[in-house]
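Heavy atoms only: backbone and side chains are in, while hydrogens, waters and symmetry mates are out.
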Amino acid sequence: MSNEDRDSYDPSAVEEKWQRLWDERGTNSHTLEEIESAENTFYNLMMFPYPSAEGLHVGNIYAFTGADVHGRYQRLQGKTVFEPMGFDAFGIHSENFALKVGTHPMDLIPSNVKNFTRQLRRIGLMSDWTHSVDTTDPAYYKWTQWIFVQLFKAGLAERKEAPVNWCPSCMTVLANEQVISGACERCGTPVEQRRIAQWFFKITKYAQRLLDNLEQIDWSETTRKAQGNWIGRSEGAQLRFPVLDEHGEDTGTEVEVYTTRPDTVFGATYMVLSPEHPLVDEVTEDGHQPPVFAYRDEATRTDLIARQKVDKTKTGVFTGGHCRNPATGQAMPIWIADYVLMEYGTGAIMAVPGHDGRDFEFATQFDLPIVRVVASPDDDADTPLESAYDVGPGTLVNSAHFDGTDVSESVAAVTDWARDNGWGDARVNYRLHDWCISRQRYWGPPIPIIHCDACGPVAVPDEDLPVILPRVEDFKPDDSGISPLARVAEWYETTCPDCGEAARRETDVSDTFLDSGWYFLRYPSTDFEDRAFDADITRRWLPVDMYIGGNEHAVLHLMYSRFITMVLKDLGHLDFEEPYDVFRAHGLIIAEGAKMSKSKGNVVIPDPIIEEFGADAFRAYLMFLGPYEEGGDYQAQGIQGPFGFLHRLWDTATTAEDSEPDVDVERKVHQTIKQVSQQMPALGFNTAIAALMECLNTIRAGGRTAKRAEIEPLVPMVAPFAPHLAEELWQRFGNDGSIFDGKSWPTHDEAKTVESVVEIAIQVNGKLRGQISVARDMSEEDVVAAARSDENVARHLGGGEERRVIYVKERLVNFVIT
RNA sequence: GCCGGGGUGGUGAAAUCGGUAAACACAGGGGACUUAAAAUCCCCCGCCUGAGAGGGCUUGCGGGUUCGAGUCCCGCCCCCGGCACCA
């Protein structure tokens, strides 16, 4: 390099220069022609952020940087990488904030987006800003609404009155996924139950497929497990119990229960309905109505947090009614109790206190009979039960002709018998519920439905989409459960698209998870206004090659977007049904050993750090501080390591000499290329950076001046972490254009990685007693002989008789003596 | 309770297949260069013991397998994240 290039590393100047050049040259963006004709494509997706007013958080930057590092690595491998970025800007979060500060979200969001965009550029992401999305843009939510219409027409969207989770603070319904231990995910307020008419997507129809496909997709294990648990498949039986009148005769009504242990039906001694169960009125006998109804009202009023507390003592009341156990023919009392949940199974259970812990506790408390129907190998039919025997081996007892059946076969046997006698069937049940997508809020895409008295709910015709969210100044939700839009008559009054009569628009808006359920389909096709996504482009670029994001979305966003993709495939709009080939969850970043929080005062604020050390050093440090998929501890001083490394790299590269490389140094360089090339695709960023540091230390050892051939390969290898610095050095080494435009990643020569001399550890009885350096190809005999002659080793061998010699090539010799 | 992920120096962390535990950094100590500082370079840095050579101990705890275990097996403890009366 020439003399005038020998200046010192100035991160802000270099970063500013390259960010400008990337923009000017379109280095990171793709024209429509490029999108339509790209070969060797790689769709590198990261979870788009909610653009908060506070600006970009280190957690965001950590996630995006890791994804960007991967995208840049793929690009250096010669892939045509598409790395878009957008904004998930609808939803309660924005709306609550807007209410708090008294600014309309339609004014707030654009300024937040602008600020986010600035910050995202500053950290050097290679986002293609010509293909961005903003979920609040009518040009985007037109297609969100179109997707709703597609599901509606396919019979997968249904409006029904259902008990829903109501957050009295946010004044909206919440999906089950948004309720954490009975409290609102956002504000922590205990959630109430309300019955409101809601739109649901029938995701449960896809439960089995969503579960089955988990086996074939390359996802982080933790995420797959979380999805599997969330779907919660269980196998059992649905059994029907006839309700009896006061004379013990069948009334013709039956109560259905779901159980995973139909084989214990002989031990069912009472029945419990959820307080909300529709048959409660019917089975309750006259004298019992006051306490039953009082209990039910109390249960409805009690918030879920209190109600679902596991350690509280069980409560319940007897309805006075009875049903008949179809296995034993005995009458069983019917109770209601809030430990039975309406939303799981059928909302009713057969209680088998002998073999279910909850039923045992309840029966003990209310003095209900407990019958043993399973005997473990140590027990017999009459052994008293001190607690429920719910798992473990055994055989059926007190179960008529099933006595002696092993529990391994009993479920199938009893289910078959129930089916043959017409009172039961095998049944698979899922924990997963249908997806409630209605929100009684303002800040979301209006659900594109028109309610007509004559025609019922009618989809807004495609040509009338989008249904624009009107700007209204009074968008505060209230406790009525009615949406803010229901106060805007001039907006909701319309005519029926089918019959032309006066009709009313749906005034609920949709869940933000619908917005994010398909955004990855939109990015490559943002050039088109007449279609949600272009078929050819979608075929070319999707499914997504790599999706990186946080595990907090393991069961929410990821499940819903898989579902939407499956539906669109079934409707003929896509030819794949899993949206993300590979998904990797990144870890969480903490600061100084503790979770970041304002109260602890350990929140890392990115802007001043970038100001002082540069985006490259910040990126490199974030990737260095721990394994990407596990997260790490951000310690303010730590950035000195990577910062110093980049400095030294700059100095070394800008002073390199054009002469022959040193063989030992060259070997280290080739070893490093080999190692880093292995670690990068596996997201082993921290160890890749460590290897690069080690290599640079070797190049500079003893203050030696680098040879160009030694230092040059480090430039592309550091490029994913420090893209600006790499571009500058690449240019100074005489290259035109961007380092990211070609296949710039170096390749190693295996022959040049081989050491001629190796260190051998010498052990005596497994304890290290010496070390020798030998030629790599020295024979076993010679190595062992050399080992034996080591002074210290010889001393330890002195006393005993040699039994064995273990020789591990190029590694160690272990003498086993007695 | 269930499902994940962890537990290694003062700190963040490394360790392909069971083969020299602590790479790479931060912090700390010492030195060179410098009028000085910064930057840079060199050395030390798990614990105990020893003048040194060396020796003993050490990957949450207790067992086991093995010539050899951070790594494999069995039984525990603790921390983090998620779910939780799911019948």
Check: [Y] and [X] side chains under 4.5 Å, non-hydrogen atoms:
{"X": "Leu341(A)", "Y": "Ser274(A)", "result": "no"}
{"X": "Ile370(A)", "Y": "Thr364(A)", "result": "yes"}
{"X": "Lys707(A)", "Y": "Val665(A)", "result": "no"}

Complement of [N], any strand, by Watson-Crick or G-U distances under 3.5 angstrom:
{"N": "G4(B)", "value": "C80(B)"}
{"N": "A87(B)", "value": "none"}
{"N": "A37(B)", "value": "none"}
{"N": "U11(B)", "value": "A25(B)"}
{"N": "A53(B)", "value": "none"}
{"N": "G70(B)", "value": "none"}

Pairwise [atom1] distance for [N] and [M], with rounding to whole Å:
{"N": "G46(B)", "M": "G52(B)", "atom1": "P", "result": "15 Å"}
{"N": "C45(B)", "M": "C24(B)", "atom1": "C1'", "result": "15 Å"}
{"N": "G62(B)", "M": "G82(B)", "atom1": "C1'", "result": "30 Å"}
{"N": "G60(B)", "M": "U71(B)", "atom1": "C1'", "result": "16 Å"}
{"N": "C67(B)", "M": "C2(B)", "atom1": "C1'", "result": "42 Å"}
{"N": "C3(B)", "M": "A84(B)", "atom1": "P", "result": "16 Å"}
{"N": "C48(B)", "M": "G10(B)", "atom1": "P", "result": "10 Å"}
{"N": "A21(B)", "M": "U58(B)", "atom1": "C1'", "result": "9 Å"}

Practice item. Kindly confirm or rule out a cation-pi arrangement of Arg562(A) over Trp230(A), judged by NZ or CZ under 6.0 Å from the six-membered ring centre and within 45° of its axis? Key: no
Check your understanding: Can you find an N or O donor on one side and an acceptor on the other, under 3.5 Å apart, linking the side chain of Gln635(A) with the base of U11(B)?
Key -> no
Check your understanding: Any donor-acceptor pair under 3.5 Å joining the side chain of Lys595(A) to the base of C80(B)?
Key -> no
Does [X] reach a base, just sugar-phosphate, or nothing at all? Heavy atoms under 4.0 Å.
{"X": "Asn697(A)", "value": "sugar-phosphate"}
{"X": "His355(A)", "value": "nothing"}
{"X": "Gly593(A)", "value": "nothing"}
{"X": "Thr223(A)", "value": "nothing"}
{"X": "Asn229(A)", "value": "sugar-phosphate"}
{"X": "Glu221(A)", "value": "nothing"}
{"X": "Arg811(A)", "value": "sugar-phosphate"}

For [X], look at atom [atom1] and say whether over 12 heavy atoms of other residues, nucleotides or ligands are found less than 6.0 Å away.
{"X": "Arg704(A)", "atom1": "CZ", "value": "yes"}
{"X": "Arg803(A)", "atom1": "CZ", "value": "no"}
{"X": "Glu791(A)", "atom1": "CD", "value": "no"}

Please report the distance, rounded to the nearest Å, between [atom1] in [X] and [atom2] in [N].
{"X": "Glu791(A)", "N": "G55(B)", "atom1": "CD", "atom2": "P", "answer": "11 Å"}
{"X": "Tyr807(A)", "N": "U20(B)", "atom1": "OH", "atom2": "C1'", "answer": "15 Å"}
{"X": "Asp263(A)", "N": "A87(B)", "atom1": "CG", "atom2": "P", "answer": "14 Å"}
{"X": "Arg224(A)", "N": "C3(B)", "atom1": "CZ", "atom2": "P", "answer": "17 Å"}
{"X": "Leu646(A)", "N": "U40(B)", "atom1": "CG", "atom2": "P", "answer": "12 Å"}
{"X": "Leu812(A)", "N": "A21(B)", "atom1": "CG", "atom2": "P", "answer": "9 Å"}
{"X": "Arg795(A)", "N": "A53(B)", "atom1": "CZ", "atom2": "C1'", "answer": "8 Å"}
{"X": "Tyr258(A)", "N": "C86(B)", "atom1": "OH", "atom2": "C1'", "answer": "9 Å"}

By nearest atom, which of the nucleotides [options] is closest to the [X] side chain?
{"X": "Asn814(A)", "options": "G19(B), C57(B), A23(B)", "answer": "G19(B)"}
{"X": "Arg769(A)", "options": "A87(B), G56(B), U20(B)", "answer": "G56(B)"}
{"X": "Asp338(A)", "options": "C85(B), A27(B), G55(B)", "answer": "C85(B)"}
{"X": "Ala690(A)", "options": "A27(B), G19(B), C24(B)", "answer": "C24(B)"}

At less than 4.0 Å, is any side-chain N or O atom of [X] found next to OP1 or OP2 of [N]? Yes or no.
{"X": "Arg358(A)", "N": "A87(B)", "answer": "no"}
{"X": "Asn792(A)", "N": "G55(B)", "answer": "yes"}
{"X": "Arg648(A)", "N": "U40(B)", "answer": "yes"}
{"X": "Thr260(A)", "N": "C86(B)", "answer": "no"}
{"X": "Arg700(A)", "N": "U40(B)", "answer": "no"}
{"X": "Lys809(A)", "N": "G19(B)", "answer": "no"}

**Study point:** Distance (rounded to the nearest 0.5 Å) between Leu279(A) CG and Met271(A) CE
**Key:** 10.0 Å
Study note, to complete from the structure: Taking every heavy atom of Ala688(A) against every heavy atom of Phe721(A), the minimum-distance pair comes out as CB-CZ, 4.4 Å
Point to revise | N/O donor-acceptor pair under 3.5 Å between His355(A) side chain and Tyr389(A) backbone | key: yes
Please tabulate the protein-to-nucleotide N/O contacts below 3.5 Å involving nucleotides 13-15 of chain B, giving atom names and distances.
residue : atom : partner   : partner atom : Å
A14(B)  : OP1  : Asn686(A) : ND2          : 2.7

Review point. Aromatic ring centroids of Phe624(A) and Phe645(A) under 6.0 Å?
Key: no
